[in-house]
Colleague: 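Pasting a structure here, questions to come.
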Amino acid sequence: MVEILSRIQFAFSVGFHFLFVPLSIGLIFLVCLYEYNYMKSKNLRYKHLSEFYGDMFVINYAFGIVTGFTMSLQFGTNWSAYSIFMGDVFGAPLVFEAIIAFFLESTFTGLWIFKKNKMSNRLRFITVLMILIGTTFSALWIITANGFMQNPVGYSLAADGSRVVVENFKEILLNPYAWYMLIHNNTACFLLGAYFVLGIGAYRYLRVDKDSEEAATFRLGFKPANIVLVVMSFLMPIIGNVYYNYIVPIQPTKIDAISGGSPMVTVSFALMVGLGTLFILYSTYTLVFFKKYMASPVMQKIYLWSFPLPYIAIMAGWIVAEVGRQPYVVYGLMLTKNAVSNVPEMQVWFSLMTILIMYFILAVACVYLMVKRINAPLYKEELV
Amino acid sequence: MSHELLASIWYFILALVWAIYVSQELFVTGVGMLSLKYRVEEDYFQKINESVATFWDGIQVWLIVAVGGLFATFPTAYGLTLQALYIPFYLLLMAVIFRGTSIELLYKSDDRLWQKAVSKVWGVSSLAMILIVGIYLINLFTGLPIKDNLMTESFTVIFSRSAQFGGALFVLSALTMGYCWIKMTLGKDFKTPSKASSLWISGASIFAVALLFLALTNKNNVFETGYFAKIPALWTMPILAMLLYVAQFLFMLKERYVGAFVSIILGITLVIFTGFSAAFPYILPSTVAQSEGLLIIKAASSQHTLEIITGVTLVFLPVVIVYQGWKYRKFWRKF
């Protein structure tokens, strides 16, 4: 029972965490783009775009970082056998993530939130660039750790077989599995970010006078976002295909799961591919007929009402990657059922319930804040 | 360098990371707790919030490094400690989550009701957070009732006499440091809770630190078994810590807030190093029998891994310290 509860808890908390992370990565990329344009052109509309979407980044980021704590904690509390067996390999990327990525990300996000109006345009751009670099490195390290769980390389078993030890760290770092995952993942995040910008932008744009300052601001923002969306949509199947062909000999059980062995994985895979195709078609259509798209409320509403779709595609992708890895926690090395902690069942009930209640509160707060920000004036009049 | 030496060095690096983290967390949680007592105008309150919120998440990463560092360098200790302290760690998680989101999102909505509710969450979770951190650290020094790698008693055993005094010490230090931080960043004339109450708090922390060491000596005998018995020079650490706590009180009396602030940082650092030195060479001492404790060397990662982590840390941590230092210098008084 401890195993089942811990699995539910882990799946739930990682899924919840991953609602925030891809949007943070994707949004900061676009914010960086707008901020760069602002620095170059001094056009205040770019600044307003950057701050509007920047606020949404911040809200997402805050929930992303605190729900990330739960993830690292669980390895010790609920999966201590895993921690002890894998720690030599798995711990290092996590602490590198903190030292190399989190510090950068968080130090500069703090600046961005509270001091962005007290710095030069150049420093503003550098600040968001540092956050972007931080989020990218963060993805790199956590996926390096996950890549090892998918395709263990560069390790050996300790003499008594009690744990794995690092044999060649370079191999772990250059694990092709991790790099395919990273590129696939971050491309999906940028896609989601661009889609979100178009969807939320449409909501505002549809309600304002088309000759207004605000309408002009959003029009300025849509073009780069649409371009990003098209580029990422086209990259996805190319990367995905190479990635898939790479997996075929390495994880035969995952391929079996995709081709009908596990209904959940099969459906998720189909959903991911189907939605990916849809993104290519629609984003290309709006970009080619951009003028028509700007004039058509229906075409804009499609982005607004379909904005959950990229989320669904990303979740489906992770289900393929992680559920497809079962019954192993570390492919070929350790079964998930052997990874669990030796703790009383009541304690796991306690943590599961705590997390459910806490995350419900967080979800309500997040939706409330996002809706509030989306409906608030585009920018605050600055006090001089 | 031998594996054992490298592992021992990492044990004390973790102590240092804890000290760096706690030194900063004290003023952040302190300001958070004090916010419960504020009756000032709205924009003043916002200034107080922003003065710490700007630095909050950079500081929080030090906690991740302390916990993640334990995972990377002593995976066995990580697995066994978190398994043993399952409930306390989830309580800490709750405090971390509510403190983090409330401090960051307090002003993300203009709604008065939201701001009122969230600022209460901010204050209460700050108190919970620093209290749990204090209690956790003291338990690392005294050890847990562990036999065959499992807890033999309920988790409530962590609220020992020593841990109670330790928790009190952390809370009182946080309040004093938070008070100093506000005075330092927002100016001496900034309205705060009365000076008298801050002096009571500052003075009480002298007793807390003395009682903590007394309890560690008499109830847990931590100084009898380890290196304190062999190397009397180590006693300078707890003695100096107590003197620094006296000093911070004198600084507070004289309204020398920088002096008080620095004294507490040094004082709490020495408390942490005293504890880590007392537990050495056990990373998780057992109160059931000494032989049941987990030795540093037994818990450590392989030599190769420790060397890689050392290399990366030596390259990147100075960079982090440089840009975080730059941020403090440039922005701490900018409103």
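Order of the sequence lines fixes the chain letters, A, B, ..., with proteins taken first and strands second; residue numbering starts at 1 for each chain.
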Colleague: Which atoms of V348(A) are under 4.5 Å from chain B, going by heavy atoms: the side chain, the backbone, both sets, or neither?
Modeller: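 Both the backbone and the side chain of V348(A) come within 4.5 Å of chain B.
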Colleague: Checking F75(A) against chain B: side chain, backbone, both or neither under 4.5 Å from a heavy atom?
Modeller: both
Colleague: Do F108(A) and Y323(B) have ring centres separated by under 6.0 Å?
Modeller: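 Yes.
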Colleague: For W326(B), does the CH2 atom sit with more than 12 other heavy atoms under 6.0 Å from it, leaving out its own atoms?
Modeller: yes
Colleague: Can you say whether E167(A) sits under 4.5 Å from chain B via the side chain, the backbone, both, or neither, judging by heavy atoms?
Modeller: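 Contact with chain B: backbone only.
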Colleague: Give, as side chain, backbone, both or neither, the part of Y107(B) having an atom under 4.5 angstrom from any heavy atom of chain A.
Modeller: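 The answer is neither part of Y107(B).
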Colleague: Kindly give the heavy-atom pair with the smallest separation between I59(A) and L105(B), and that separation in Å.
Modeller: CA-CD2, 4.0 Å
Colleague: Check each atom of I113(A) against the heavy atoms of chain B and say whether the ones under 4.5 Å are side chain, backbone, both or neither.
Modeller: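 Contact with chain B: side chain only.
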Colleague: Given heavy-atom pairs under 4.5 angstrom as the criterion, report whether the side chain, backbone, both or neither of S341(A) touches chain B.
Modeller: both
Colleague: Where on L94(A) is there a heavy atom nearer than 4.5 Å to chain B: the side chain, the backbone, both, or neither?
Modeller: side chain
Colleague: Got T107(A) and V61(B) here, is their nearest side-chain heavy-atom distance under 4.5 Å?
Modeller: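 With C-beta onward as the side chain, the pair stays apart.
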Colleague: Counting heavy-atom pairs under 4.5 Å to chain B, which of V165(A), L362(A), L111(A), T354(A) comes out on top?
Modeller: L111(A)
Colleague: Could you tell me which portion of F103(A) (side chain, backbone, both or neither) has an atom closer than 4.5 angstrom to a non-hydrogen atom of chain B?
Modeller: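 F103(A) touches chain B through backbone and side-chain heavy atoms alike.
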Colleague: Taking C-beta and beyond as the side chain, do N78(A) and Y86(B) meet within less than 4.5 Å on heavy atoms?
Modeller: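 Side chain of N78(A) against side chain of Y86(B), heavy atoms only: contact under 4.5 Å found.
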Colleague: Side chain, backbone, both or neither: which part of F350(A) has a heavy atom under 4.5 Å from chain B?
Modeller: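 When you check distances to chain B, only side chain atoms of F350(A) fall under 4.5 Å.
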Colleague: Quick one: which of F89(B), F155(B), F55(B), W114(B) has the most heavy-atom pairs under 4.5 Å with chain A, could you say?
Modeller: W114(B)
Colleague: Pick one of side chain, backbone, both or neither for L104(A), based on which atoms fall under 4.5 Å of a heavy atom in chain B.
Modeller: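 Both parts, backbone and side chain.
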Colleague: Roughly how far, to the nearest 0.5 Å, is CZ of F137(A) from CZ of F316(B)?
Modeller: 7.0 Å
Colleague: Of all of F63(A), F102(A), Y368(A), which one pairs up most often with chain B through heavy atoms under 4.5 Å apart?
Modeller: Y368(A)
Colleague: Under 4.5 Å heavy-atom distance to chain B, tell me which part of I357(A) shows up: side chain, backbone, both or neither.
Modeller: neither
